[in-house]
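Values reported hereafter were calculated over all heavy atoms of this structure, with side chains retained and with hydrogens, waters and symmetry mates removed.
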Amino acid sequence: MRYDLVIFDNDGVLVDSEPISNTILAGYLTELGHPTSYEDSLRDYMGAAVHRVHDLVLERSGQRLPEDFDDVFHGRVFAAFERELQPVDGAVEVLEKLAGDGVAYCLASSGSHERIRVGHRKAGLDKWFSEDRVFSSQDVGRGKPAPDLFLYAAEQMGVTPERCVVVEDSPLGVRAAVAAGMDVFGYTAMTPAERLVGATELFGDMRELPDLLV
């Protein structure tokens with residue numbers, strides 16, 4: 001093995017949530033008077049913690065989002081997850097192989113712990129991730145593209161950054177992994193390869209991942 005720890009992003013890498021959440025986010029922002037297309041949402045917010053939405057809206061419009069924005073947004077997302085969320089194609093097979101081979105892995109997501117757990121229960125991934133394998137931007141002061149979350153995950157798992165590889169599908173996540181001094185494999189199923197600048201490797205099918213790790 002080239003690495004002692006595989007750190008997975010969650011949204012778009014393990015659960016196929018990005019189309020759902022970005023459709024809802026674009027619609028809600030537009031509803032609030034901040035016209036946003038699905039493509040805008042992917043470009044600006046994919047892979048980011050929700051505080052980035054507040055920051056960019058304030059920067060661009062001079063207006064603050066409603067105090068209940070996070071609660072309303074997450075409520076809509078969780079309801080949609082319950083209706084339609086699925087695991088990323090090939091993710092279960094990858095987790096089965098890593099677990100079977102005794103490879104250490106964990107998850108480091110911009111999403112809240114609640115969002116992660118709701119998604120995993122619906123997608124059937126919860127059995128692969130005990131609490132001590134799940135890390136959220138809630139656990140650190142700054143979300144991606146800051147390296148804090150990945151460094152925190154590595155520290156908690158007892159592995160040095162240079163022995164970690166991150167699996168990411170967002171430009172912000174790739175930047176965070178590079179800043180943390182980690183290799184990063186860019187998953188291109190939803191994100192054009194040219195947007196994942198800095199990735200160590202690029203791959204488009206989750207089933208390819210195990211071969212990249214050796």
Side-chain angles (χ1 to χ4, degrees), residues 7-54 56-57 65-96 98-99 105-131 133-139 143-144 149 167-173 187-192 195 204-207 209:
I7 304 176
F8 288 97
D9 175 43
N10 187 51
D11 294 293
V13 170
L14 294 173
V15 293
D16 194 17
S17 53
E18 294 291 9
I20 298 171
S21 58
N22 281 281
T23 297
I24 291 170
L25 179 57
Y28 188 27
L29 287 174
T30 300
E31 178 185 318
L32 292 172
H34 306 283
T36 305
S37 68
Y38 173 70
E39 291 75 19
D40 293 337
S41 186
L42 287 177
R43 181 194 66 224
D44 293 339
Y45 305 121
M46 183 175 168
V50 71
H51 67 75
R52 179 177 171 86
V53 182
H54 290 266
L56 281 186
V57 168
L65 291 170
E67 288 188 7
D68 64 349
F69 177 87
D70 293 11
D71 291 339
V72 173
F73 171 57
H74 287 134
R76 294 181 184 186
V77 168
F78 294 165
F81 281 1
E82 292 293 345
R83 292 192 302 270
E84 55 192 291
L85 186 64
Q86 297 292 324
V88 164
D89 188 35
V92 171
E93 292 94 319
V94 168
L95 293 170
E96 286 176 341
L98 294 182
Y105 66 89
C106 68
L107 178 158
S109 172
S110 292
S112 67
H113 280 283
E114 184 183 12
R115 175 183 171 125
I116 295 165
R117 284 299 172 208
V118 168
H120 281 201
R121 282 196 301 271
K122 172 58 180 174
L125 298 182
D126 46 345
K127 69 176 181 178
W128 303 105
F129 290 95
S130 54
E131 289 293 340
R133 292 179 186 260
V134 175
F135 306 101
S136 161
S137 60
Q138 288 180 311
D139 302 327
K144 307 169 189 178
L149 178 56
V167 184
E168 264 288 356
D169 70 331
S170 76
L172 293 175
Y187 181 51
T188 60
M190 265 195 65
T191 308
R195 294 198 64 213
D205 185 328
M206 191 55 65
R207 295 177 184 84
L209 180 62

Using the rule given for salt bridge (charged side-chain N to carboxylate O under 4.0 Å, His left out), can you reason through Arg52 versus Asp44, listing the C-alpha separation, both sets of side-chain angles and the distance that settles it, and then say yes or no?
CA-CA 9 Å; Arg52 179 177 171 86; Asp44 293 339; 5.3 Å; no

Are Leu149 and Phe135 close enough, and set up right, to give a side chain to side chain contact (heavy atoms under 4.5 Å, CB included), and what steps lead you there?
CA-CA 7 Å; Leu149 178 56; Phe135 306 101; 4.1 Å; yes

Start with the C-alpha distance between Glu168 and Ile7, add both sets of side-chain angles, then the distance that settles side chain to side chain contact (heavy atoms under 4.5 Å, CB included), and finish with yes or no.
CA-CA 9 Å; Glu168 264 288 356; Ile7 304 176; over 6 Å; no

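Comment: Glu84 does not engage Lys122 in a salt bridge, judged by the lack of any side-chain N to carboxylate O separation of less than 4.0 angstrom. Of the charged side-chain nitrogens involved, none lies within less than 4.0 Å of a carboxylate oxygen, so that Glu82 and Arg76 do not count as a salt-bridged pair.
Formation of a donor-acceptor pair under 3.5 Å by the Ser109 side chain with backbone atoms of Asn10 is not found in this model. His34 contributes no side-chain N or O that, together with a main-chain N or O of Thr30, makes up a donor-acceptor pair within less than 3.5 Å. Listed for the Arg133 side chain is a donor-acceptor partner under 3.5 Å among the backbone atoms of Tyr105. A donor-acceptor contact shorter than 3.5 Å links the side chain of Ser137 to the backbone of Ser110. Ser41 places no side-chain N or O within 3.5 Å of a backbone atom of Glu39 that could act as its donor or acceptor partner. Formation of a donor-acceptor pair under 3.5 Å by the Gln138 side chain with backbone atoms of His113 is found in this model. Ser136 places no side-chain N or O within 3.5 Å of a backbone atom of Asp139 that could act as its donor or acceptor partner. A donor-acceptor pair is defined here as one N or O able to donate and one able to accept, closer than 3.5 Å; no such pair exists between the side chain of Thr188 and the backbone of Thr191. Here the side chain of Tyr45 pairs no donor or acceptor atom with the backbone of Leu25 at under 3.5 angstrom.
Within the 4.5 Å cutoff, the side chain of Tyr187 has no heavy atoms near those of the Leu209 side chain. Annotation: side chain of Arg121 is in contact with side chain of Val118 (closest heavy-atom distance under 4.5 Å). Side-chain contact between Phe8 and Leu98 is present, with at least one heavy-atom pair separated by less than 4.5 Å. Residues Leu14 and Leu125 form a side-chain contact, since some pair of their non-hydrogen atoms from C-beta on lies under 4.5 Å apart. By the 4.5 Å heavy-atom criterion applied to side chains, Arg83 and Ile20 are not counted as neighbours. Residues Glu114 and His74 have side chains not in contact (no heavy-atom distance under 4.5 Å, counting atoms from C-beta outward). Counting only heavy atoms from C-beta outward, the side chains of Asp11 and Ser21 never approach each other to under 4.5 Å. Side-chain contact between Val15 and Gln86 is absent, with no heavy atoms from C-beta onward closer than 4.5 Å.
Across all non-hydrogen atoms, the minimal contact from Ser170 to Met46 is CB-O, 3.6 Å. When all heavy atoms are compared, the tightest approach of Phe69 to His54 is CD2-NE2, 3.8 Å. Considering all non-hydrogen atoms of both residues, Glu96 and Trp128 come closest at CG-CH2, 3.3 Å. Considering every non-hydrogen atom in both Ile24 and Ala80, the closest pair reads CD1-CB, 3.6 Å. In this structure, Leu172 and Gly47 approach most closely via the heavy-atom pair CD1-C, 4.4 Å. Listed here is the closest heavy atom pair of Val94 and Met206: CG2-O, 3.1 Å.
Note that CG of Leu56 is 10.0 Å distant from CG of Leu65, once rounded to the nearest 0.5 Å. The distance from atom CG of Leu42 to atom OG1 of Thr36, rounded to the nearest 0.5 Å, is 11.5 Å. The line from CG of Asn22 to CZ of Arg43 is 11.5 Å long, rounded to the nearest 0.5 Å.
Arg115 forms no cation-pi arrangement with Phe78, by the criterion of a distance under 6.0 Å to the ring centre and an angle within 45° of the ring axis.
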